[in-house]
Amino acid sequence: MSERRYQAREIEAKWQAVWAQERTWEVPNRAVPDSASARPHPPAARHDGPRRDKSYVVEMLPYPSGEPHIGHLKNYAIGDAIAHFRRRTGHRVLHPMGYDSFGLPAENNAIKTGVHPRVATEQSIAAFQRAFRSWGISIDWSREIASHEPEYYRWTQWIFLQLYRRGLAYRKESAVNWCPNDQTVLANEQVVDGRCERCGHVVELRQLEQWFFRITDYADRLLDDLDTIDWPEHVKTMQRNWIGRSVGAEVNFRCQELGIDYPVFTTRPDTLFGATFFVMAPEHPDVLRLAAGTENERAVRDYVNHALTESAEERGDLDKTKTGVFLGRTVTNPVTGEEIPMWVADYVLMEYGTGAIMAVPAHDERDFAFARAYDLPIRQVVAPRDGSPVPSDEAYVTKADDAILVNSGDFNGLTPKAGFERIVHWLDMEGIGHPSVNFRLRDWLVSRQRYWGCPIPIVYCPACGMVPVPEEQLPVVLPDIQEYQPKGRSPLAAAEEWVNTACPECGGAARRETDTMDTFVDSSWYFLRYCDARNDAAAWDPAVLREWMSVDQYIGGVEHAILHLLYARFFVKALADMGLLDVQEPFNALFTQGMILGPDGQKMSKSRGNVIPPTPLIERFGADAVRTYILNMGPPDQDAAWNDNALTGAHRLLSRLYTLGAELAADSDPSLAAAAETLAQPVEPTGDGLTLVRKANWAIDRVTSEFVGRFGFHNAIAAVTELVNDLYRLPRADAEARRFAIATAASLIFPFAPHLGAEVFELATGRRAWEEPWPAADPAMLVAESFELVCQVNGRVRDRVQAPSGAPREELERLALAAPGVIAHLDGQEVVKVVVVPDKLVNVVVR
RNA sequence: GCCGCGGUGGUGGAACGGUAGACACGGCGGACUCAAAAUCCGCUGCCGGAAACGGUGUGAGGGUUCGAAUCCCUCCCGCGGUACCA
């Protein structure tokens, strides 16, 4: 008995060295043979044998801040398992890595400590690199990128210019979200419940000139193309809600006194006859003009001033009673001809629709509440078809077919749906309205008044105006500065020698744009750069993208369901429209992993003190055990609480498998081991050997189906566990059957515990697991010659008897009726019916 | 409010409409040991029973079915998203 204890550290170091030395996971591009030849690949690294399907597997790139945490490990353990499986099922797998290395936390850290963000970020990147290697993640390191490096952001700037050129990047003054703590503007997507997503401060609205990307141009396609991708339904739903498409009509309401038309957007043109007043947002530019000269002028002015100073949070409070002020003017309801009063009220939002609404209090809850508060008329124009009364204390909002229009002139008696169509058509004919679609989605605000980000490649010239930096002058390099403290403008503005530049057009004195880009810009295209990461002549070669895009499997946290995933989709569509790319969607399949919670079931956080740092665990139990445990915690898309004990269970499984491999290698005749050239299962196993061979095939089938299906890796690991347990239970099975079963277990655990899998596979076969094709289950071994027939009486199990597989129904029925447990429960009752499920059960129905 | 996802032993979780609780953790018992750890073996939903076995059981209540954790209806609870979006 030699040393047979499972020493994870030794085994892991051994295989990590092999993979690093042989660059096992590097995959050259095929489209441009020369692009990869700068670094010669040893023969073992070649994957260019017979034509293989490509598979592009990407995990969301990490934001490098401090040390990696256990959630990163989960993310990459899932992706790595998938990458390994795809490699072994005949795919050329691209599995790269990079860092989303610009961003606020590094800059805030710099403000606190004075350490340059680049220094802190690069330290963190080094920690991530060490971690990825010690975890044994199969990464193609030849394609590594970091978004803060000029070699990368040069092309981020290039993409900005392409968008600018096509009018998709533009500068505009508007009311924007301003975080007073971080001293920068934020995208709509970064404001959560009226607060800054990062620091939690209440966000203010400020009127500022900022850079936007015209993502709203793509609203329809971003919505429609969700149907073409294999994403979790809840993520698609979140995106649909965020885009928020509403179908309705635009209708003109004319103010006769001033001779101005005011269009409104409504999703209920069918209720137009019930519009009894008209409301404008306090920010509407015409509000003060309308009120001017009326007796309400002063009240309106006060109301508007008050509304503008309120925070988004206060204004959004639903419980607050509705307020507003009469403008002293009227507009004409275009269908009734009535003059209806104009009001200003803060429940109307300037950002949505036209900033003005027609109010139909009878059929809209908000209008109802407002009408009640100010005693405005409420006219019912939709009623139940059967004439039943509607409650008088709330709005009747139905548009179902059991309701009909009333008090609506020629349109009486129509269903709301039909009324919608007819009224819109009539408005169109009369030239006072038309069908219209509105989106909730706003353009993406991309400029930030912060230092640690990608400079916007624009120059302001007193003579030429706004001038894009010529492409050949890229990158606009982010200069080093000393003072990071934001002062309401970018800290870059203080870097005078950088800011002052020559106008690319006239050569005169000009100033650089000092805002930087939102870091979500950097991460909206990195998966494109991976494909052609070392290209220094272009962001990518379109031919290379044709080889790899789209991403076949994307893996990441659901917290990016809207922001990153929407922005990346927009980028791909915009770039495709420019002819730079052939696909419409970046990520064909998405998997969202759940969070690992602390042992207390709460989200891990330093303040709670429930953080599980991965490194000590890996030193103690090995990366394989931690990876296996994390994937065994439950369905990987669900949140799960950490449990140290369960981790030792995963370690025990690997240890037991290792012992089997070590004993096999020690006990077997060396010539036999050497002769095990083929991995074929024993030809005609018998007894326990047959049981083991069957179990191994069953496990192959189960593990494979989890990879093909829902990534239920906990079930896959359970199947391997059962196989290992059987190997312990059946020590006397013949040697070749055991060898086959042990090799199979090692082969199947390899995607989850690659070092241990490789080690045991080598012990059992002398070969390398990752160079072997994924095992295929032998159909003949998936069925036994007999099975346990479940015998039920009235649906309750009363006995179990052995029956031959494939036996005819009559025989199964006969066996069941003869089973003692069944006879005991028949008890002289009449057999009404016998249900037979072949190879499974018989149910005897008695009365 | 609206949209989405869930609710199964002490715990994490299994289960094409066909044996509910695989596998793991925890617990109990045993082997090995001077002893402990490690390792190995066995038992473990609940109630009754020494056992065989019987009853009961998947948030609640109905329904469909020979048979329901699974399908349908009503409701309760939890989680996530979103919300004066006209």
Side-chain angles (χ1 to χ4, degrees), chain A residues 4-5 192-193 232-242 244-246 248 264-268 271 275 279 281 315-320 322 345-349 351-360 363-367 369-370 397 438-442 558-559 561-562 594 601 628-629 632-635 637-650 652-653 655-656 659 702 712 714-722 724-725 728-729 731 788-800 821 824-825 832-837 839-846:
Chain A
R4 281 178 198 164
R5 276 175 61 90
V192 178
D193 295 333
E233 207 45 52
H234 68 281
V235 176
K236 290 191 188 185
T237 303
M238 281 192 234
Q239 293 219 345
R240 286 192 188 105
N241 290 343
W242 189 262
R245 184 179 141 105
S246 295
V264 300
F265 173 74
T266 176
T267 55
R268 294 297 302 274
T271 65
V279 191
R315 239 182 106 165
D317 182 4
L318 273 179
D319 296 332
K320 149 181 130 163
K322 295 218 167 1
D346 67 0
Y347 80 93
V348 176
L349 307 175
E351 314 90 76
Y352 189 78
T354 62
I357 61 155
M358 67 176 209
V360 184
H363 307 293
D364 180 279
E365 286 171 31
R366 297 149 301 174
D367 298 343
F370 192 78
V397 295
N438 244 275
F439 292 93
R440 211 189 78 110
L441 184 70
R442 302 270 83 85
V558 73
E559 65 272 17
I562 298 170
T628 304
Y629 165 59
N632 203 27
M633 288 173 89
D637 54 345
Q638 274 177 33
D639 294 351
W642 187 264
N643 178 345
D644 273 324
N645 290 325
L647 168 61
T648 64
R652 192 170 299 139
L653 165 66
S655 183
R656 278 158 69 84
T659 303
R702 291 234 29 194
H714 60 308
N715 292 329
I717 293 165
V720 178
T721 307
E722 285 195 48
V724 170
N725 287 347
Y728 275 81
R729 268 194 277 271
E788 195 172 66
L789 178 70
V790 172
C791 307
Q792 298 181 328
V793 177
N794 284 351
R796 321 194 60 143
V797 180
R798 295 304 184 186
D799 212 337
R800 298 178 173 97
H825 284 87
V832 184
K833 184 175 174 182
V834 179
V835 181
V836 179
V837 183
D839 287 333
K840 196 146 255 166
L841 65 75
V842 173
N843 186 16
V844 182
V845 186
V846 298

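Values below: all heavy atoms of this structure, side chains included; hydrogens, waters and symmetry mates excluded. Letters A, B, ... mirror the listed sequences (proteins, then strands); counts begin at 1.
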Show your working on side-chain contact (heavy atoms from CB on, under 4.5 Å) between A:Val832 and A:Val846 and close with a plain yes or no. CA-CA 5 Å; A:Val832 184; A:Val846 298; 5.6 Å; no
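- A:Asn643 has its CG atom 18 Å from the P atom of B:C23, to the nearest Å.
- The phosphate of B:C23 has neither OP1 nor OP2 within less than 4.0 Å of any side-chain N or O from A:His714.
- As a whole-Å value, the separation of A:Ile562 CD1 from B:C3 C1' is 12 Å.
- Using a 4.0 Å heavy-atom distance criterion, A:Glu351 is classed as making no nucleic acid contact.
- Out of B:A14, B:A83, B:A38, the shortest distance to the side chain of A:Asn715 is found at B:A14.
- Between A:Ser246 and B:A86 there is a side-chain polar atom (N or O) within less than 4.0 angstrom of OP1 or OP2.
- Checking B:A83, B:C66, B:U19 against the side-chain heavy atoms of A:Val835 singles out B:C66 as nearest.
- The distance from atom CZ of A:Arg440 to atom P of B:G81 is 13 Å, rounded to the nearest whole Å.
- Listed for the A:Tyr728 side chain is a donor-acceptor partner under 3.5 Å among the backbone atoms of A:Arg656.
- One finds no side-chain N or O of A:Arg366 lying less than 4.0 angstrom from the OP1 or OP2 phosphate oxygen of B:A83.
- Side-chain N/O atoms of A:Arg652 include one lying less than 4.0 angstrom from OP1 or OP2 on B:U39.
- Nucleotide B:G4 holds its C1' atom 14 Å from the CG atom of A:Asp637, rounded to whole Å.
- Note: CD (A:Gln638) to C1' (B:G78) measures 13 Å, nearest angstrom.
- Nucleotide B:U39 holds its P atom 14 Å from the CG atom of A:Asn725, rounded to whole Å.
- For A:Met238, taking side-chain heavy atoms from C-beta onward, the closest of the listed nucleotides B:G80, B:U19, B:G18 is B:G80.
- Rounded to a whole Å, the CE atom of A:Met633 is 12 Å from the P atom of B:G12.
- For A:Lys840, no side-chain nitrogen or oxygen approaches OP1 or OP2 of B:G18 to under 4.0 Å.
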Please evaluate residues A:Thr271 and A:Asp364 with respect to the criterion side-chain contact (heavy atoms from CB on, under 4.5 Å), reporting the C-alpha separation (whole Å), side-chain torsions for both, the decisive distance (0.1 Å), and the verdict. CA-CA 10 Å; A:Thr271 65; A:Asp364 180 279; over 6 Å; no
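- When rounded to the nearest whole Å, the span between CZ of A:Phe265 and P of B:A86 equals 6 Å.
- The nearest heavy atom of RNA chain B to A:Gly353 and to A:Asp639 marks one nucleotide each, and the one closer to the 5' end goes with A:Asp639.
- The side chain of A:Glu722 has B:A22 as its nearest neighbour among B:A83, B:C85, B:A22.
- Base orientation of B:G4: anti, the glycosidic angle falling outside 90° of 0.
- Salt bridge annotation for A:Glu365-A:Lys322: absent, with no cationic side-chain nitrogen under 4.0 angstrom from a carboxylate oxygen.
- In terms of polar N and O atoms assigned as donor or acceptor, the side chain of A:Asn843 comes within less than 3.5 Å of the base of B:C66 in a complementary pairing.
- Using a 4.0 Å cut-off, some side-chain N or O of A:Arg796 falls inside it from OP1 or OP2 of B:U56.
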